[in-house]
Each structure stands twice: as C-alpha cells, then as structure tokens.
Amino acid sequence: MDCYIFLSFILGIPLLWPCHKAAENYKTEKVKQPVGSHLRVKRGWVWNHFFVPEEMNTTRHLIGRLRSDLDNGNNSFQYKLLGAGAGNIFDIDDNTGDIYANQKLDREEQSLYILRAQVIDTTTGRAVEPESEFVIRVLDINDNEPKFLDEPYEAMVPEMSPEGTFVIQVTASDADDPASGNNARLLYSLLQGQAYFSVEPTTGIIRVSSKMDRELQDEYWIIIQAKDMIGQHGALSGTASVLIKLSDINDNKPIFKDSFYRLTVSESAPAGKTIGKITAYDNDIGENAEMDYLIEDDDSQTFDIITDNETQEGIVTLKKEVDFEQQSHYSIRAKVRNRHVEEDLRNYHVEASSTFIKVQVEDVDEPPVFLFPYYVFQVFEGNPNGSFIGIVSAIDLDQRKSPIRYSITRSKVFSVHDNGTVINTDQLDREISAWYNLSVTATERDNVQQISSVPVYVQVLDINDHAPEFSQYYETYVCENAEYGQDLYFSCWL
Ligand SMILES: *[C@@H]1O[C@H](CO)[C@@H](O)[C@H](O)[C@H]1NC(C)=O
Ligand SMILES: *[C@@H]1O[C@H](CO)[C@@H](O)[C@H](O)[C@H]1NC(C)=O
Ligand SMILES: *[C@@H]1O[C@H](CO)[C@@H](O)[C@H](O)[C@H]1NC(C)=O
Ligand SMILES: *[C@@H]1O[C@H](CO)[C@@H](O)[C@H](O)[C@H]1NC(C)=O
Ligand SMILES: *[C@@H]1O[C@H](CO)[C@@H](O)[C@H](O)[C@H]1NC(C)=O
Ligand SMILES: *[C@H]1O[C@@H](CO)[C@H](O)[C@@H](O)[C@@H]1NC(C)=O
C-alpha cells in the first residue's frame, strides 16, 4: 500500500498503482505513460484510473474496466473482485471486467477502497494473471458546510483599543477534500458587528475596527460566517457568534455628585468624629474606580477626610474640636482623584475634581462656668447677720446668655443672692468653726438642667487679730475683664 501512495505523491496524480510483485518490473515503463491513458504492458493487467464521485444519485454506476491483455474476448476468462466492499459496494462483470458501484458513497466517510482482482481461465481453472491490488478513489463534491467547532467563542479586549487590535481568531473546518478544488477553501466575513470589528477573510482573525468605550457598552455579540468555495457560486456556509467583552481602562476621573455640600457639627463633638460624607462617582470599575479624597483649602486645619474603601465615599472628620462661640462656620474645599493613574492614560481625564463644603457649627447649651475654680473668703467673727462675705460669679457662655441663679444648699450659716453675693445668716464664731467649706451652685434660668458648682472656703478670722492687709475684692476686679479660657485662677491669684 505504501508504494502506491508514495508514487502518487511523486507523480502528482491521484492514481493507484498495482502493487503486486510484478509491479516492480513495470515501474519505469509505466511512469512514462501519459496521465489518463491506458496503462499498457506487454503482458498483464490493464485498467483505467478508478474514480467514483460521491453522493451519486443513480443506483448502479459504471466506474471502469479491469482487463487482462491476454483476454481475446472468447469469454473463457472470468474476472473476480475480492476484498472489503467487493460484492456489495462494488461488483464486477465476470466477462467484461466492468466495475460498478452499487450504492451512494460518501467521501467523508471513506475516501478510497482497496480491492483485489483475479482473472481465471475457465478452461484451465488457472489464474491468468497474478492477483493484483487496486484502488478506487471517491471524488469529492462540495457537500459539507464549514463548521465552527469551538463555540461558544468569547474574547476580551481593553476598551479604547486602537483599530487593528487583535481580538480572537476563530476557525471553521470543512469536511470536504482540501485537495479538491475550492470545496474546503474558506472565506470569513462578518454578518453582524461590522461597525466595530473586522475579520481577516482568510485567517478568521477578528480585529478592532473602531474604538469602543466600555462605559457606553461593555460587550458585543458579533456573528462570523465562513463560506467555502472561497465564497463563490455554490458555496456552503456556517456561522458562529462571538461574545466580545471590553475590559476597563482608567479613562474616567471621579466626579463629585454635588458641587456644594452642607455639613453640620456640634461644638461638643470630639476630635476624630465623623461629621458627614461626600460622594464622588467614577464610571470605571474595579481598581480603576478607586479614589482618594483630600481636603484642599482649610486654613483652620480643623477638618480631615478619609476614603471609605468599601463605598468609595469621602468621610469628613473633625481633626480638632470646634467652638461655636469662636467660629460658627467654616468653608473648605475637598478634592477627589483616581487612586491609580497609569502613565499612558494621562490623555484621559484623570485629574482631580473638587467641591465646596460648608460646615455649620451647632451651638450646644453648656452649663454655666464659674470664673474661678474655687473661692476663698475671709471674714471676721462676730459680723452681724447678712454681712457681705464675698462674691462668686458664673456666666453662660452660650449664645443665649441665660441669666444665672445661685444657691447654697445644706448650710444654715450662709446664703447667696442672685447677683452672687454671699452673706452670713448666722453669727460666726471662730471658736466653733474656723472654716466653712461650701458649695455654691449656678443654674441657668432659661434651662435649669444646666448646672455647675464651685467650692467656696470661708475662713473665720479672730476679731482680736489685727486686720488683714489684703483686699477682700482682689479676685473680682482682675477677673471682671478677663476672658473665658484664660487661666484665670492663676493670673488672678498671683
Ligand atoms: C444527488 O441529488 C442531490 C439532491 O437532488 C443533489 O444535491 C446532489 O448534487 C446529487 N448528486 C450528484 C453527484 O449529482
Ligand atoms: C480462448 O482463448 C484462450 C487464450 O487465447 C485459450 O487459452 C482458450 O483455450 C480459448 N478457449 C476456447 C474455448 O476457445
Ligand atoms: C483605603 O485604602 C488606602 C490604600 O490602601 C489606605 O491608605 C487607606 O488608609 C484606606 N482607608 C481606610 C479608611 O481604611
Ligand atoms: C446684691 O444684691 C443684694 C440684695 O439684692 C444687694 O443688697 C447688694 O447691694 C447687691 N450687691 C451688688 C454688688 O450689686
Ligand atoms: C475646709 O477647707 C480647708 C482648706 O482646704 C481645710 O483646711 C479644712 O480642713 C476643710 N474643712 C472641712 C470641714 O472640710
Ligand atoms: C442672727 O443673730 C443672732 C444673734 O444676734 C441670733 O441669735 C440669730 O437668731 C440671728 N439669725 C437670724 C437668722 O436672724
């Protein structure tokens, strides 16, 4: 079998060579025979090339004649066909050596049949020729359409890829004979998707034909067609769909939802407290949608902003405490920008965008504040009831500036006027008690919940001692014009 395949390749003819022992002897002579002519030898088998078209619609089809050149036509020779297919698919006319195909053949199922022939002289019962092998080839017709075998096809290409970018190669196969005309020569084209993609007609390579923006459309279904017969008349075709997804590039900058935000913070809020959220959106996805917020204009250095990595929101926090009485509102500017910026995407809008934030500080009703952390009064024993002992003073720092009411509880000896003046309500006797330690309470008249207290120490001086040299009022005059927040006690005391 090897030898006929080998020969037919060398000769470039689809011919089967008899391969029995005798063939060796004829080889050189036979090679010189013009293609298609009868192969004559001095003594031996004679036959044409045997071809049978596939898919023949006639039931019985003559495909050639096999003869011994010793056959003189006196009907004494008998031809026989042997091998797989002999007697059913093929048969031979005993007398003439005519070979017939009895049924429709399918080249794609079996493209050649190897049979053996015998010729016997019926008068002697002896073989006239050595038994010989020959081949019947089935000729191709274009009866198979191209098929895409690897469906479904899916490919991914970055958005904004330039024209010509490779996307995917899809190939169809055609069961017809690639050596037979154009039956298996395919030509690819696009039936759907030509606006954005192209296909190389001979290779099936799909390329980008125009830039696509993932933020507008993130996937495309295209339909590719393969036609055999290089698309000419009689061509069969097959189609496949290809899903092309666009991957994201960082071509969008984050943009604030609003150009202006209004936040409020209580003056009682501790440093680090979250006071609000601001939101920007980025049309990209994944890492490309990650952003960083920052505070841009904040001379007061009061606010901070961090990014919530889960929600991509900007969380505005208090860097230090605020005081309504000092500054009741702030205007700051915040910025947001892409966290990841690739060098080659500078062309796109990746710079930051910004927004204004107005922060309103809310006043909190705070308890009244005494001007000193404690008071020490000195008084001579024996002073009459209702004598002046000293003055305490508390103020409401809130905007409302509520009037203050003072009180002393659990003391039978002292009382306090609404203006803070402490008086005695009983005789003081140093021999009974040299010290009275009191607690004076200040209450806001407008909100009795707002209360604070201060310790007051009253020292009773001996009447027989010489008079003290210091003023009883010294605290008051220093503190009158002092500001809240200063270390009043010490500046007064020293
Ligand atoms: C046999 O008949 C079919 C259907 O009519 C046709 O398509 C096919 O080409 C015919 N075969 C040949 C070899 O003519
Ligand atoms: C027919 O011819 C062959 C070969 O020439 C010969 O051997 C044979 O005897 C002949 N038979 C008859 C019946 O004449
Ligand atoms: C968010 O991620 C960035 C970078 O990984 C990090 O610097 C930042 O601290 C994170 N923010 C929070 C609130 O965890
Ligand atoms: C405080 O009030 C009392 C009683 O009304 C009054 O006698 C006293 O003079 C007041 N003192 C001052 C400093 O106003
Ligand atoms: C009152 O306060 C003074 C000064 O702090 C102290 O020396 C004295 O022991 C106190 N007396 C009482 C009864 O708490
Ligand atoms: C204050 O004065 C003494 C002595 O004069 C009296 O004994 C007290 O009763 C008086 N107290 C009051 C509250 O008037």
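Just so you know, these numbers come straight off a predicted model, no measurement behind them. Order of listing sets the numbers, starting from 1, for every ligand and every atom in it.
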Whether Glu200 and Arg207 form a salt bridge (side-chain N of Lys/Arg under 4.0 Å from carboxylate O of Asp/Glu) is what I want to check. yes

Output yes when Asp418 and Arg445 qualify as a salt bridge under the 4.0 Å nitrogen-oxygen rule, no when they do not. yes

My understanding is that only residues two or more places apart in sequence, or in another chain, count here; which of them pass salt bridge (Lys or Arg N to Asp or Glu O under 4.0 Å) with Asp304? none

Sequence neighbours excluded, the answer for salt bridge (Lys or Arg N to Asp or Glu O under 4.0 Å) partners of Arg339 is Glu290, Asp292

Location of contacts on Thr307 toward ligand 3, heavy atoms closer than 4.0 Å: backbone

Start with the C-alpha gap between Tyr375 and Tyr457, add the side-chain angles, then the distance that decides, and say whether ring-ring contact (aromatic ring centres under 6.0 Å, His included) holds. CA-CA 6 Å; Tyr375 292 83; Tyr457 307 104; 10.0 Å; no

Compute the ring centroids of Tyr220 and Tyr196, then answer whether they are less than 6.0 Å apart. yes

Asp308-ligand 3 polar pair, N/O distance under 3.5 Å: no

What are the atom names and distances for all N or O pairs under 3.5 Å between ligand 4 and the protein?
| unit_1 | atom_1 | unit_2 | atom_2 | d |
| --- | --- | --- | --- | --- |
| ligand 4 | 2 (O) | Asn419 | ND2 | 2.5 |
| ligand 4 | 11 (N) | Asn419 | ND2 | 3.1 |
| ligand 4 | 14 (O) | Asn419 | ND2 | 3.4 |

Residue-ligand contact Glu290/ligand 3, heavy atom below 4.0 Å: no

Could you list the residues that satisfy side-chain contact (heavy atoms from CB on, under 4.5 Å) with Thr302, not counting sequence neighbours? Asp298, Ser300, Leu318, Lys320, Val322, Tyr330

